[in-house]
Amino acid sequence: MENTPASNFLQNIVRDDLAAGRVTEVVTRFPPEPNGYLHIGHAKSICVNFGLAEANGGRCNLRFDDTNPEKESQEFIDSILEDVRWLGFSWDGEVRFASAYFQQLYDWAVYLVEQGKAYVCDLNAEQAREYRGTLTEAGRNSPYRDRSVEENLDLLERMKAGEFAEGERVLRAKIDMASPNMNMRDPILYRIRKVQHHQTGKDWVIYPTYDFAHGQEDAIEGITHSVCTLEFEDHRPLYDWFINNLPVPSKPKQYEFGRLNPSYTVTSKRKLKQLVDEGVVSGWDDPRMPTVSGMRRRGYTPAAIRKFCEMIGTTRSDGVVDVAMLEFAIREDLNENAPRAMAVLNPLKIILTDYPEDKVELLSAPAHPTREELGERELPFTREVYIDAEDFREEANKKYKRLVLGKRVRLRNAYVIEADSVVRDEQGNITEVHAHTIPNTIGENPEDGVKPKGVIQWVSASHGKQAEVRLYDRLFNHEAPDRGDNDFMAHINPDSLQVVEQAWIEPSLADAKPEQGFQFEREGYFVADRDEHSAQHPVFNKTIGLRDTWQG
RNA sequence: UGGGGUGUCGCCAAGUGGCAAGGCACCGGGUUUUGAUCCCGGCAUUCGCAGGUUCGAAUCCUGCCACCCCAGCCA
């Protein structure tokens with residue numbers, strides 16, 4: 001339960017670098033492209049990068065890798081900033097932007113041209129693909145590869161000046177068209193994009209590619225350990241090539257770890273977008289989405305998400321993590337911190353025939369079973385109460401520990417009652433149950449020694465409030481909805497959302513603030529909806545159910 | 001068929017030549033005014049496979065096999 005400092009290969013590398021004096025301080029960065037919402041996978045990356053710095057007395061920058069204006073926007077910048085803050089991390093200094101380094105990057109491009117290590121290529125996209133070769137065949141040199149430095153300089157300047165159309169020319173590094181590593185086959189450094197950039201406006205019509213930008217951004221910021229995911233491993237030789245061939249102010253090193261793949265989940269941006277676009281979910285922050293904003297609205301807590309990231313570790317192997325682990329982390333945090341309350345989702349009225357009609361007893365109950373400091377809340381007890389229909393049966397075997405006709409049950413934090421009879425409607429459905437209280441059973445067992453079989457939650461029919469409760473379940477009913485040739489849309493769980501329009505909640509819950517989480521005893525953890533909850537119209541989202549081992 | 005990776009219990013994951021940590025899940029049992037929590041106990045003679053080196057191998061060597069990534073002017 002104690003926080004053993006997460007030891008992993010990255011931590012070991014940092015520790016050794018610090019010990020050997022290769023670096024005096026660890027500086028990492030979280031470098032999202034502002035082209036979408038952050039999801040659970042990004043949360044892991046955030047924990048890894050900020051965590052590595054934090055654990056070693058270093059710093060972590062937040063830098064937007066905004067080199068492709070076509071797909072980016074201020075909206076995404078804002079949401080990413082909010083999500084990182086919400087997760088509880090503080091970046092070093094101001095927020096950084098790759099676009100703030102565009103001039104420096106351009107100057108370095110000119111430098112490479114001057115060194116004869118870059119050239120302007122007139123091949124169009126299709127031709128370039130042909131020249132690139134395949135995985136098993138070497139590529140061929142571009143016919144423009146041997147232009148003079150002067151001509152390249154002139155052409156590059158004119159690309160920058162907007163003299164050419166998009167796609168007409170690119171700047172490429174002169175490396176090796178026969179390299180078995182595709183990334184080294186004269187990679188593109190700059191392409192023409194005549195679009196408005198969310199940060200730099202119309203200043204540029206050429207934009208650097210990821211490969212030409214990322215390592216240099218790291219170098220400018222003095223990043224010591226540039227941590228990314230495994231698919232960038234093949235780019236490392238190129239990353240190093242730029243760092244070694246340019247007069248950069250520092251020499252960062254890239255390290256890769258395995259991406260997080262939770263089971264029963266999709267995290268690809270394209271697929272998440274499809275879920276939103278096709279109305280499968282209500283938006284990017286739908287509580288069923290694995291986005292940070294979705295998890296937030298679902299009632300997951302930053303502490304639980306961070307704990308989960310710590311639990312799964314950071315390695316170079318690629319696997320599928322059981323979402324049960326995430327769920328465990330959520331329950332663990334909420335069990336410790338969420339105040340308890342009672343709610344009845346499927347109401348069945350109980351009339352306590354021995355209890356005076358106008359009588360109201362103000363009982364009090366602890367907000368938490370073990371944490372007294374969380375205080376108490378008041379529970380009005382009345383003649384008519386609601387219990388869950390699931391908690392009553394006319395007859396049942398001994399394994400059923402709830403209310404049964406002729407038997408007793410404890411109303412949580414209140415009296416023991418005994419069921420006497422049922423009232424039915426014309427269709428024969430039970431509409432209410434008549435019962436009576438057992439005297440002196442508040443905080444005490446019945447004096448006649450006949451103990452109740454179980455304990456159930458209840459809400460006063462006259463003093464309780466009504467609420468909308470949204471019951472969420474996994475969005476997919478397949479462990480790996482998008483593995484192989486699976487059509488993930490075919491594995492959508494049709495029961496991932498069930499809305500209870502009129503649940504009954506104990507009166508104290510009317511004071512809940514949006515985003516406040518509770519445990520509805522015997523039901524699970526719920527959170528007051530961030531956007532739609534109000535005292536007038538309470539709305540609670542089910543975060544996660546309680547562990548349920550009842551085999552009945 | 002080129003290059004780069006990864007293979008330790010159902011899942012995640014320690015371990016780096018000395019005789020398989022831990023967590024999740026699961027299965028027992030105890031406590032309990034939440035069938036929750038909590039507490040106790042169980043859960044890999046075996047580390048992708050096959051050889052080899054060694055007194056000794058998950059750890060070293062050789063050869064296989066499986067899976068992942070790379071042919072965007074995306075990141």
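Every chain is numbered from 1, with letters handed out A, B, ... down the list of sequences. Nothing here was measured: the structure is a model prediction, and the numbers come from that model.
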Touch class at under 4.0 angstrom, heavy-atom based, for A/Pro31 against every strand present: nothing
Contacts of type salt bridge (Lys or Arg N to Asp or Glu O under 4.0 Å), residue A/Asp186, not counting sequence neighbours: A/Arg145
Sugar-phosphate only, base, or nothing, as touched by A/Asn124 at under 4.0 Å among non-hydrogen atoms: base
Touch class at under 4.0 angstrom, heavy-atom based, for A/Ile544 against every strand present: nothing
N-O pairing of A/Glu233 and A/Arg316 below 4.0 Å: yes
Touch class at under 4.0 angstrom, heavy-atom based, for A/Tyr190 against every strand present: nothing
A/Thr136 side-chain proximity, nearest of B/rU1, B/rA75, B/rG4: B/rU1
Syn or anti conformation of B/rG7, syn meaning chi within 90° of 0: anti
Sugar-phosphate, base or nothing in reach of A/Phe328, heavy atoms under 4.0 Å: sugar-phosphate
Identified salt bridge (Lys or Arg N to Asp or Glu O under 4.0 Å) counterpart of A/Asp391 within the set A/Arg410, A/Lys453, A/Arg402, A/Lys401: A/Arg402
P-based separation of B/rU16 from B/rG29 [nearest Å]: 39 Å
B/rA14 pairs with, by Watson-Crick or G-U criteria that keep both distances under 3.5 Å: none
C1' atoms of B/rC70 and B/rA57, separation to the nearest Å: 35 Å
Atom pair distance, as rounded to whole Å: CD in A/Glu332 and C1' in B/rA25: 15 Å
Protein-nucleotide distance (A/Arg340, atom CZ; B/rU37, atom C1'), rounded to Å: 8 Å
Touch class at under 4.0 angstrom, heavy-atom based, for A/Leu189 against every strand present: nothing
Phosphate contact (B/rC74 OP1 or OP2) by A/Arg193 side-chain N/O below 4.0 Å: yes
Side-chain-base donor-acceptor pair under 3.5 Å for A/Glu336 and B/rU37: no
Same-atom distance (C1') from B/rU6 to B/rA71, integer angstrom: 22 Å
Distance below 4.0 Å between A/Arg191 side-chain N/O and B/rA75 OP1 or OP2: yes
Nearest-Å distance for atom pair NE2/P, residues A/His235 and B/rG5: 14 Å
Nucleotides 9-17 of chain B: protein proximity per nucleotide (B base, S sugar-phosphate only, - neither; heavy atom, under 4.0 Å): --BSSS---
Pair A/Arg474 + A/Glu327: basic N to acidic O under 4.0 Å: yes
Complementary nucleotide for B/rC26 - Watson-Crick or wobble, under 3.5 Å: B/rG42
d(CD1, A/Ile330; C1', B/rC24) in whole Å: 14 Å
Watson-Crick/G-U partner (both atom distances under 3.5 Å) of B/rA66: B/rU6
Touch class at under 4.0 angstrom, heavy-atom based, for A/Glu70 against every strand present: nothing
Plane angle bin for A/Tyr37 and A/Phe76 - parallel if under 30°, tilted between 30 and 60°, otherwise perpendicular: perpendicular
Salt bridge (charged side-chain N to carboxylate O under 4.0 Å, His left out) evaluation trace for A/Glu33 with A/Lys71: CA-CA 9 Å; A/Glu33 184 189 13; A/Lys71 298 181 174 177; over 6 Å; no
Sole residue of A/Val292, A/Val266, A/Leu272 in side chain to side chain contact (heavy atoms under 4.5 Å, CB included) with A/His39: A/Leu272
Interface residues of residues 178-186 of chain A with RNA chain B (non-hydrogen, below 4.0 angstrom): A/Pro180, A/Met182
Separation of the P atoms in B/rA21 and B/rA14, to the nearest angstrom: 15 Å
Nearest-angstrom distance, C1' atom, B/rG63 to B/rC27: 41 Å
Nucleotide nearest A/Phe232 when distance is taken to its side chain, options B/rG35, B/rA36, B/rA75: B/rA75
Separation of the P atoms in B/rG2 and B/rA13, to the nearest angstrom: 29 Å
Charged N-O contact under 4.0 Å between A/Asp333 and A/Lys307: no
Side chain of A/Asp548 (C-beta onward), nearest among B/rG35, B/rA71, B/rC74: B/rG35
Atom P, compared across B/rG7 and B/rC12: separation rounded to whole Å: 11 Å
Sugar-phosphate, base or nothing in reach of A/Asp65, heavy atoms under 4.0 Å: sugar-phosphate
Residue mapping more 5' on RNA chain B - nearest nucleotide basis, A/Arg331 or A/Asp211: A/Arg331
Check against side chain to side chain donor-acceptor pair (under 3.5 Å), A/Asp66 and A/Gln199: CA-CA 9 Å; A/Asp66 55 347; A/Gln199 299 301 311; 5.2 Å; no
Selected nucleotide, minimal atom distance to A/Ala324 side chain, candidates B/rC74, B/rA36, B/rA25: B/rA25
B/rC19 to B/rU54 separation - C1' atoms, rounded to the nearest Å: 14 Å
A/Tyr264/A/Phe476 aromatic ring centres below 6.0 Å: no
Side-chain donor/acceptor contact of A/Arg236 with base of B/rG4 under 3.5 Å: no
Short side-chain N/O contact to B/rC68 OP1/OP2 from A/Arg259, under 4.0 Å: no
Plane angle bin for A/Phe102 and A/His197 - parallel if under 30°, tilted between 30 and 60°, otherwise perpendicular: perpendicular
Among B/rC24, B/rA71, B/rC74, the nucleotide that comes nearest once only the side chain of A/Arg129 is considered: B/rA71
Derivation of the salt bridge (charged side-chain N to carboxylate O under 4.0 Å, His left out) call for A/Arg259 and A/Glu231: CA-CA 9 Å; A/Arg259 217 181 238 301; A/Glu231 67 270 27; 2.4 Å; yes
Sugar-phosphate only, base, or nothing, as touched by A/Arg522 at under 4.0 Å among non-hydrogen atoms: base
Integer-rounded Å distance: B/rG35 P and A/Asn335 CG: 14 Å
5' precedence on RNA chain B between A/Tyr400 and A/Glu231 (nearest-nucleotide basis): A/Tyr400
Sugar-phosphate only, base, or nothing, as touched by A/Gly454 at under 4.0 Å among non-hydrogen atoms: nothing
Parallel, tilted or perpendicular: rings of A/Tyr386 and A/Trp504 (30°, 60°): parallel
Touch class at under 4.0 angstrom, heavy-atom based, for A/Asn413 against every strand present: base
Near-ring test A/Phe308/A/Tyr300, centroid separation under 6.0 angstrom: no
A/Glu233 side chain, from C-beta outward: closest of B/rU37, B/rG35, B/rG4: B/rG4
Sugar-phosphate only, base, or nothing, as touched by A/His214 at under 4.0 Å among non-hydrogen atoms: nothing
